[in-house]
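Working notes, beginning with the structure itself.
Below, read A as the first sequence line, B as the second, and so on, with proteins coming before strands; counting in each chain starts at 1. Predicted model only: the values in this text are computed from it and were never measured.
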Amino acid sequence: MPELPEVETVRRALEPVLTGARITGLDVRRERMVRRQPNPADVAARLVGRRVSQVGRHGKFLQLDLDDGEFVWVLHLGMSGRLTFDDDGAEPLHTNVVVRHDGGPDLWFVDPRTFGFMAVFTPEELAVSTIGALGPDALWELPESRALGEQLDGRSASIKSLLLDQRIVAGLGNIYADEVLHRSHIHPRRAGGSLDASELTALRRNVRLVLEAGIASGGTSLNDLAYLLPDGRAGQFLMKLRAYGREGGPCRTCGTPIERLVIAQRSSFFCPRCQT
DNA sequence: CCTCCATCCTGTGGGC
DNA sequence: TGCCCACAGGATGGAG
């Protein structure tokens with residue numbers, strides 16, 4: 001569920017609490033939440049007793065440096081993951097992992113669908129994993145349009161599916177990809193290699209614009225059961241969406257009803273008039 | 001190398 | 001009200 005703006009919002013909430021904190025305990029209640037770990041039994045041993053030196057992010061992956069980079073603690077929220085601190089309220093259903101530390105209240109990893117996961121890698125293990133093959137971060141390392149064009153050159157797959165490919169640029173998901181394409185007036189089914197220079201320029205500009213606007217609004221909460229800020233509030237970007245989830249509603253540019261297509265097994269919302 | 005597809009899970013909302 | 005189905009913010013591994 002959470003895309004870059006949501007994960008960045010979470011990162012900013014974790015940063016002041018966890019930076020410098022020492023992990024004192026780990027309670028894994030659903031083993032499935034620990035995945036992609038070279039040896040799953042190592043997770044507690046690698047985590048407990050270590051100090052968080054930096055709270056980072058690459059695309060949708062949270063990456064927390066432990067003991068100045070000796071290990072990297074990776075968390076991914078999947079489709080329904082939430083990170084929140086124990087606020088003395090009732091522990092939510094599907095609190096699958098509890099992390100104790102000396103920087104404040106326990107950290108709760110809540111995830112009904114369990115598509116999220118966590119793992120603790122050495123930098124070497126991380127580098128050779130698929131996480132190490134992530135493309136540049138869509139916010140912090142967004143390539144120039146010319147370099148984007150080189151990535152897309154010759155590709156016959158739809159631009160929508162290529163925007164979702166985290167090896168090209170890391171951070172866009174289904175909502176923000178649709179928003180970027182709408183603002184760029186590009187049809188989601190266009191072949192990636194068919195974009196011209198001015199379209200690439202618009203695409204790049206709108207990736208930045210949409211992600212920054214999403215972060216400024218605290219992300220997108222589609223309903224109050226999935227993504228929420230760590231303090232429990234809902235993100236406010238939903239009302240600013242121009243395409244995603246608006247099938248049948250008027251295009252905010254030209255009034256034409258927004259249509260829905262399935263591309264790469266995901267819903268795509270677009271304006272049939274503005275986006276060509 | 002590239003593209004497409006099924007799969008991992010649980011919950012919700014719409015239609016009947 | 002209850003049942004059934006479609007669908008949901010993601011990533012991966014394997015087939016072709």
Side-chain angles (χ1 to χ4, degrees), chain A residues 1-10 29-37 57-62 74-83 92-97 109-119 126 128-135 138 150-180 188-194 210-211 214-215 217-229 234-238 240-241 243-248 260-269:
Chain A
M1 103 190 141
E3 307 179 31
L4 189 150
E6 291 76 38
V7 178
E8 175 61 14
T9 300
V10 170
R29 300 179 188 165
R30 280 201 68 167
E31 293 297 328
R32 193 182 124 75
M33 294 300 290
V34 174
R35 291 199 298 277
R36 310 179 55 180
Q37 178 81 34
R57 179 189 58 71
H58 189 170
K60 305 172 197 173
F61 292 78
L62 288 164
V74 174
L75 298 111
H76 194 288
L77 301 178
M79 290 281 265
S80 57
R82 255 168 62 198
L83 289 171
L93 205 58
H94 304 298
T95 301
N96 297 334
V97 181
F109 191 173
V110 183
D111 187 1
R113 292 180 74 181
T114 68
F115 287 2
F117 74 93
M118 57 172 270
L126 188 62
V128 300
S129 75
T130 58
I131 302 165
L134 284 177
E150 285 168 15
Q151 288 291 308
L152 299 177
D153 188 39
R155 303 291 295 265
S156 64
S158 67
I159 184 63
K160 172 67 183 283
S161 63
L162 295 173
L163 288 179
L164 296 177
D165 185 341
Q166 305 296 301
R167 295 168 297 187
I168 297 176
V169 163
L172 290 171
N174 208 31
I175 294 180
Y176 293 94
D178 277 4
E179 295 303 303
V180 167
R189 249 192 203 149
R190 285 272 301 283
S194 73
V210 164
L211 294 178
I215 292 167
S217 293
T220 304
S221 296
L222 292 183
N223 59 55
D224 58 7
L225 295 170
Y227 168 75
L228 293 174
L229 277 67
Q236 296 300 309
F237 198 62
L238 177 64
K240 297 181 180 167
L241 297 178
Y244 184 85
R246 298 192 61 246
E247 183 177 18
R260 173 181 175 271
L261 277 177
V262 175
I263 301 173
Q265 299 146 253
R266 319 288 300 277
S267 286
S268 279
F269 299 91

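- For B:dA6 and C:dA6, the P atoms lie 14 Å apart once the distance is rounded to whole Å.
- For A:Phe115, whose side chain is taken as the heavy atoms from C-beta onward, the closest listed nucleotide among C:dG10, B:dT3, B:dT10 is C:dG10.
- Counting to the nearest Å, the P atom of B:dT3 and the CG atom of A:Leu163 are 13 Å from each other.
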request  = Kindly indicate, with the supporting measurements, whether the criterion side-chain hydrogen bond (donor to acceptor under 3.5 Å, both in side chains) is fulfilled by A:Tyr176 and A:Glu6.
outcome  = CA-CA 11 Å; A:Tyr176 293 94; A:Glu6 291 76 38; 2.7 Å; yes
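- At C:dA8, one or more side-chain N or O atoms of A:Ser267 fall inside 4.0 Å of OP1 or OP2 (strictly under the cut-off).
- Taking the charged nitrogens against the carboxylate oxygens, A:Lys160 and A:Asp178 do have a contact shorter than 4.0 Å, which makes a salt bridge.
- When the nucleotides B:dT3, B:dG11, C:dA8 are ranked by their closest atom to the side chain of A:Pro112, B:dG11 comes out on top.
- In this structure, A:His76 and A:Phe117 have parallel ring planes: the angle between them is below the 30° cut-off, well short of the 60° mark.
- In this structure, A:Arg35 reaches neither bases nor backbone, as no heavy-atom distance under 4.0 Å exists between it and the strands shown.
- Among the protein residues, A:Arg167 comes within range of no part of the nucleic acid, since none of its heavy atoms lies under 4.0 Å from any strand.
- In this structure, the CD1 atom of A:Ile159 is 15 Å from the C1' atom of B:dC2, given to the nearest Å.
- In the model, A:Arg189 has no side-chain atom that pairs as donor or acceptor with a side-chain atom of A:Ser158 under 3.5 Å.
- Protein atom NZ of A:Lys160 is 9 Å distant from nucleotide atom P of C:dG10, rounded to whole Å.
- Taking the nucleotide of DNA chain C with the nearest heavy atom to each of A:Thr130 and A:Tyr244, the more 5' of the two is matched to A:Tyr244.
- Nucleic acid contact class of A:Ser161 (heavy atoms, under 4.0 Å, all strands): none.
- When the nucleotides B:dT10, C:dC7, B:dT3 are ranked by their closest atom to the side chain of A:Leu162, B:dT3 comes out on top.
- A salt bridge does not link A:Glu3 with A:Lys60: every distance from a Lys NZ or Arg NE/NH1/NH2 to an Asp or Glu carboxylate oxygen is 4.0 Å or more.
- Pairing analysis of DNA chain C (Watson-Crick: purine N1 to pyrimidine N3 plus N6-O4 or O6-N4; G-U wobble: N1-O2 and O6-N3; both under 3.5 Å) yields stems of 3 or more pairs at B:2-8 with C:10-16, B:10-16 with C:2-8.
- Checking A:Thr130 against A:Arg167 by side-chain atom types alone, no donor-acceptor pair falls below 3.5 Å.
- Between A:His76 atom NE2 and C:dA11 atom P the separation is 4 Å, expressed in whole Å.
- You'll find that the side chain of A:Glu3 is closest to C:dG10, out of C:dG10, C:dA8, C:dA11.
- As rounded to whole Å, 14 Å separates atom P of B:dC9 from atom NE2 of A:His94.
- Scanning atom types as modelled, one donor and one acceptor separated by under 3.5 angstrom connect the side chain of A:Gln265 and the base of B:dA6.
- Residue A:Arg155 places at least one side-chain N or O closer than 4.0 Å to OP1 or OP2 of B:dT3.
- Rounding to whole angstrom units, CD1 of residue A:Ile175 and P of C:dC7 are separated by 17 Å.
- Of the candidate nucleotides B:dT10, C:dG10, B:dG11, B:dT10 has the atom lying nearest to any side-chain atom of A:Arg30.
- Considering only side-chain N and O atoms, A:Arg266 lies under 4.0 angstrom from the phosphate OP1 or OP2 of C:dG10.
- Rounded to a whole Å, the CE atom of A:Met79 is 15 Å from the P atom of B:dT12.
- A side chain to side chain contact (heavy atoms under 4.5 Å, CB included) with A:Leu162 is found for exactly one of A:Leu152, A:Leu172, A:Val169, namely A:Leu152.
- Between the CZ atom of A:Arg260 and the C1' atom of C:dC7 there is a distance of 8 Å, given to the nearest Å.
- The line from OG of A:Ser161 to CD of A:Gln265 is 10.5 Å long, rounded to the nearest 0.5 Å.
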